[in-house]
Structure formats: structure tokens, C-alpha cells
There are 2 protein chains.
Amino acid sequence: MLRVKLSRKCATMAEPKTIVNPLFLREDDLRQAIELLFFAYRDFTARGDAILARQHFGRAHHRILYFVGRYPGIPVGDLLDILNITKQSLSRVLSQLVREEYVLQKPGTRDRRQRLLYLTDKGKTLERELTSEQRMRFAAAYKDAGAVAVEGFRKVMLGIMDAKARKRFLSPFET
Amino acid sequence: MLRVKLSRKCATMAEPKTIVNPLFLREDDLRQAIELLFFAYRDFTARGDAILARQHFGRAHHRILYFVGRYPGIPVGDLLDILNITKQSLSRVLSQLVREEYVLQKPGTRDRRQRLLYLTDKGKTLERELTSEQRMRFAAAYKDAGAVAVEGFRKVMLGIMDAKARKRFLSPFET
DNA sequence: CGATTATGTCAGCAGTGTTGACATAAAACG
DNA sequence: CGTTTTATGTCAACACTGCTGACATAATCG
């Protein structure tokens, strides 16, 4: 579970971790964990970015499409909470999606200040195109890894995210 | 500063998945997987970004500091391979780090065209500050999740990344 | 020597996140 | 009812990061 490559080209590659030092190995595990997350996320998002670039969109557009598809009728404020960005950042991208008819806004019934968001058919189509590759990626990885591994992945990811986000996963119907 | 929770406000939250439909559940698992990765990565990088902002740096600076610290003496080309960005993108940030003496460049001995990269003490200090929070995050998550979960996390992440990156993890001494 | 490689640099564009300031409509409250 | 707060939007400016294209230098290779 050691080092990555570069061996041929990178001079200071040696440093074999052969000595059984629990503490040292732990450091190595943590370093590897960081890299696993980095490379997985990098590759996970790469193809979607390419698709988005075709229509002059970016990753932010995908995130909006995804979460609006996930929670049809979501108010803007809730979307801001999920994305953890400012309303100005969201607005720029969201208004573009509304203008180009990927997303539809309806005034709230209970609270007419709210603008509830929905995907149009056009939006659904693009969202599916973007997300399906990512779902296939996970489907393949889950299949290869097995059910036990999947549960482990889930546990570690929940441990990495902040408590607030973790709560959303663990208790779907709470404030 | 926090908004409210989705559940209360978002009308179309219901959709209980009570019906035992394997295919449907699978879709739900994949959707959850995507979100786990999204939220974990978002929160994983947030504090580092805040630290970097203090010195007018960004996430790209951290990545360079991290991988140069990881592979002292790494040539620029190898770093480009790891980061998967253009040399122009790298150059802007790297030359800044060199100028401000976080990173040191030495001409290669075998190939004098190469510029081998090393962290200065200043660079090591900043890198440690940035990465230590991330390591602690994983240390806590790993501890809570347990060894089996960690192995599962590792398997799933390897499955998500592209084959090229996976190889780097699995066969430490190859290109 | 000519071709390729490793690296760098200048310039411009796009996407995304930030802060600050200001505006409107509706809900909440006393 | 009138004041305050909330939900949302908008304009503007700035910073970081990625990309493409073009061009330059030095060293290695064949």
C-alpha cells in the first residue's frame, strides 16, 4: 500500500517503509487516504466537466441541476445551504439555467417570497447525461468492491464530512 | 447564518422508498454515493482553503506543496502528470511558490533540462499546516469507521479513479 | 547537426467563488 | 397597521484556476 510511481524519473523515491512502525504506517495510511480522495474526485468529475464545457457550462451548473433534480421544488435558500456558496455565486449560474430553460422557477404557495426550483425536460435531459456517467462509475466500483466495502466507504465518507452534512444523511427528516 | 433544513421546507421531499424494489434501491444507493463524495470533498477541502486564502493562495498551491513534499526532487513533468493540468496552469502557481521561497528548484543531474522541485523549510511548514488538518480528519474518520471500513473505502476509491491513477496505487514501481 | 524534449513565459478567455452595496416583495411581529 | 426581518435578486469588482495559442531556451538524442 505504498508509494505511487514516478520511480524512474523521481530521484528521491527510495525511503522503503519496511520497518514495522505502527505510527509511521499510520502516517502513510493517512497520506494515502488523502491521495485516494484527491485522485478519485479528480477523475470522477473530469468527464462531466467535458460535457459541460460543450455548452459553455461549468461544474456549478451540474451541481444545481443535480440538486434541483434531487429535490424538485427546492427553495433557493435550501440550495444555498447545500452548496455552501453565496447567493451571488449561485445567482449567476442559476439565472443562466433559468434563462436557457433548464430550470423553472415557481413562486411558493405557502411562502410567496420563495422561488421553488424545478427541472424542465431540457434540464432533466442534461442532468441525466451528466449524472449517468457518474452513476455508472459508482455502479462499477460498488460491484467490484462488494457490499462490505460499500458500507465501509459510506462510513468513512460520513466521517470526513462536517457534522451538519452528516446529519442530513443520517436523519433525513430533521431540522 | 444557517438556513433551514430541507425536510421542512421542501415540498416534494416525501417519496418514501418503502417499496422493496431492488432496482430502485440501487439507483438510490448510487445517488447517495455521489452525494457522499460531494459533501465529503467539499468539507475536506474547506478549512485548507481558508488557511490558503490568508496568504493569497488557492487550492492549487496546496496541491503543489503536497506533492512536492511527497516526492522531493520531483521533476516538473511528473508533477504535471499527477495534477493533470497544463504546464501554463502549473507555471503560474509554481513560479509564485518559487518566487516566495516555498519551493526550491534545482537542475537535474542526470538530465540538466529538468528542474527538480523541493520544499524549503518555509514550504514544509505551510504544507504541514495545510495537510495536518486533513490528516486529522481522516484519522478520526478511520478510527470511527474501523479497519474493515477503511479497506472498503480504499477499494471503492480505487474503483472510482481512472485506471492510470489506480495503477499508481497498486503497482508502486511502474510508469 | 537537426529533431525532440523539458521547461518557461506572455497573453487572453472562461468559470466560479468572494465581498459589498443596494433593491423588492412578502412574511412576521408588536 | 407599521416596522422589521426574511427570501431573493442584481450590479460591480476582484481573485484563483483551468484552458488554448504562440513563442523561447536549453539540453538531450539520434
Side-chain angles (χ1 to χ4, degrees), chain A residues 6 8-11 42 45-46 48-65 73-100 103 105-117, chain B residues 1-4 6 8-10 41-42 45-46 48-65 73-100 103 105-117:
Chain A
L6 305 164
R8 279 192 330 185
K9 301 162 81 182
C10 181
R42 186 198 63 177
T45 53
D49 289 349
I51 294 172
L52 289 156
R54 290 189 330 221
Q55 23 239 301
H56 295 283
F57 283 168
R59 210 176 282 180
H61 298 83
H62 183 188
R63 290 203 270 258
I64 294 176
L65 291 172
I74 187 175
V76 172
D78 284 8
L79 192 52
L80 285 174
D81 271 356
I82 289 179
L83 300 175
N84 253 2
I85 59 177
T86 60
K87 66 176 178 179
Q88 294 94 326
S89 297
L90 174 64
S91 181
R92 180 174 38 208
V93 184
L94 178 57
S95 54
Q96 204 180 341
L97 289 170
V98 171
R99 203 181 315 127
E100 299 181 27
V103 170
Q105 289 178 319
K106 289 186 194 174
T109 51
R110 226 179 13 200
D111 184 338
R112 281 179 305 173
R113 289 172 302 182
Q114 292 182 333
R115 311 268 183 105
L116 307 185
L117 306 174
Chain B
M1 204 35 51
L2 301 211
R3 291 324 142 87
V4 191
L6 280 169
R8 280 191 333 188
K9 299 167 76 184
C10 182
Y41 195 81
R42 185 197 66 176
T45 52
D49 289 350
I51 294 172
L52 288 156
R54 289 191 329 219
Q55 24 239 300
H56 294 285
F57 284 167
R59 210 176 281 181
H61 297 83
H62 184 187
R63 289 203 270 259
I64 294 175
L65 290 173
I74 187 176
V76 171
D78 284 8
L79 193 51
L80 285 172
D81 274 354
I82 288 178
L83 300 174
N84 255 0
I85 59 177
T86 60
K87 64 176 177 178
Q88 294 95 325
S89 296
L90 175 63
S91 180
R92 180 173 38 207
V93 184
L94 177 56
S95 53
Q96 202 180 341
L97 289 171
V98 171
R99 204 180 316 124
E100 300 181 26
V103 170
Q105 288 179 318
K106 288 186 194 174
T109 50
R110 228 178 14 203
D111 184 338
R112 281 179 306 175
R113 288 172 304 182
Q114 292 183 331
R115 311 267 183 107
L116 307 184
L117 306 174

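By convention in this document, chain letters (A, B, ...) are assigned in the order of the sequence lines, proteins followed by strands, and residues within each chain are numbered from 1.
Residue A/S91 places its side chain closer to D/dG9 than to any other of D/dA27, D/dG9, C/dT18. When distances are taken from the side chain of A/A60 to each of D/dC23, C/dA26, C/dT16, the shortest belongs to C/dT16. For B/Q88, taking side-chain heavy atoms from C-beta onward, the closest of the listed nucleotides D/dG9, D/dT20, D/dT5 is D/dT20. Ranking D/dT8, C/dT18, D/dC19 by closeness to the A/I85 side chain, first place goes to C/dT18. Checked against D/dT10, D/dT28, D/dA7, the side chain of A/Q114 finds its nearest nucleotide in D/dA7. Out of C/dT16, C/dA25, C/dT7, the shortest distance to the side chain of B/R115 is found at C/dT7. For A/R113, the side-chain atoms get nearest to C/dA25 when compared with the rest of C/dT9, D/dA27, C/dA25. In this structure, the nucleotide among C/dA26, C/dG17, C/dA6 sitting nearest to the side chain of A/R63 is C/dG17.
Put simply, NZ on B/K87 and CG on B/L79 are 14.5 Å apart, with the number rounded to the nearest 0.5 Å.
In this structure, A/L94 and A/L117 have side chains that are in contact, with non-hydrogen atoms separated by less than 4.5 Å. The shortest side-chain heavy-atom distance between B/I74 and B/I82 falls under the 4.5 Å cut-off. Residues B/D49 and B/L52 are in side-chain contact: their nearest non-hydrogen atoms beyond the backbone lie under 4.5 Å apart. When side chains are defined from C-beta on, A/T109 does not count as touching A/L116, because their heavy atoms never get closer than 4.5 Å.
Contact check, B/S89 against D/dC19: a side-chain N or O comes under 4.0 Å of OP1 or OP2. In this model, the phosphate group of C/dT18 is approached by a side-chain N or O of A/T86 to a distance below 4.0 Å at OP1 or OP2. The side chain of A/H61 places an N or O atom within less than 4.0 Å of a non-bridging phosphate oxygen (OP1 or OP2) of C/dT16.
Between the NE2 atom of A/H56 and the C1' atom of D/dT20 there is a distance of 14 Å, rounded to whole Å. Atom CZ in B/R54 sits about 18 Å away from atom C1' in C/dT18, given to the nearest Å. Nucleotide C/dT18 holds its P atom 15 Å from the CG atom of B/L52, rounded to whole Å. For the pair B/D78 CG and C/dT7 C1', the computed distance is 13 Å after rounding to whole Å. In this structure, A/I64 atom CD1 and C/dT16 atom P are separated by 9 Å, rounded to whole Å. Atom CG of B/D81 is separated from atom C1' of C/dT7 by 14 Å (rounded to the nearest Å). Spacing between atom NZ of B/K87 and atom P of D/dG18 amounts to 16 Å, rounded to whole angstrom units. Residue A/L116 contributes atom CG, which lies 14 Å from atom P of C/dA26 at whole-angstrom precision.
Position along DNA chain D of the nearest nucleotide to A/L90 versus B/F57 favours A/L90 as the more 5'-ward residue. Each of A/R112 and A/Q55 was matched to the nucleotide of DNA chain C holding its nearest heavy atom; the match closer to the 5' end belongs to A/Q55.
With A/H61 contributing its side chain and A/G58 its backbone, the two residues share a donor-acceptor pair below 3.5 Å.
The residue B/Q105 sits close only to the backbone: its heavy atoms come under 4.0 Å of sugar-phosphate atoms, none of a base. Counting any heavy atom pair closer than 4.0 Å across all strands shown, B/R92 reaches a base atom.
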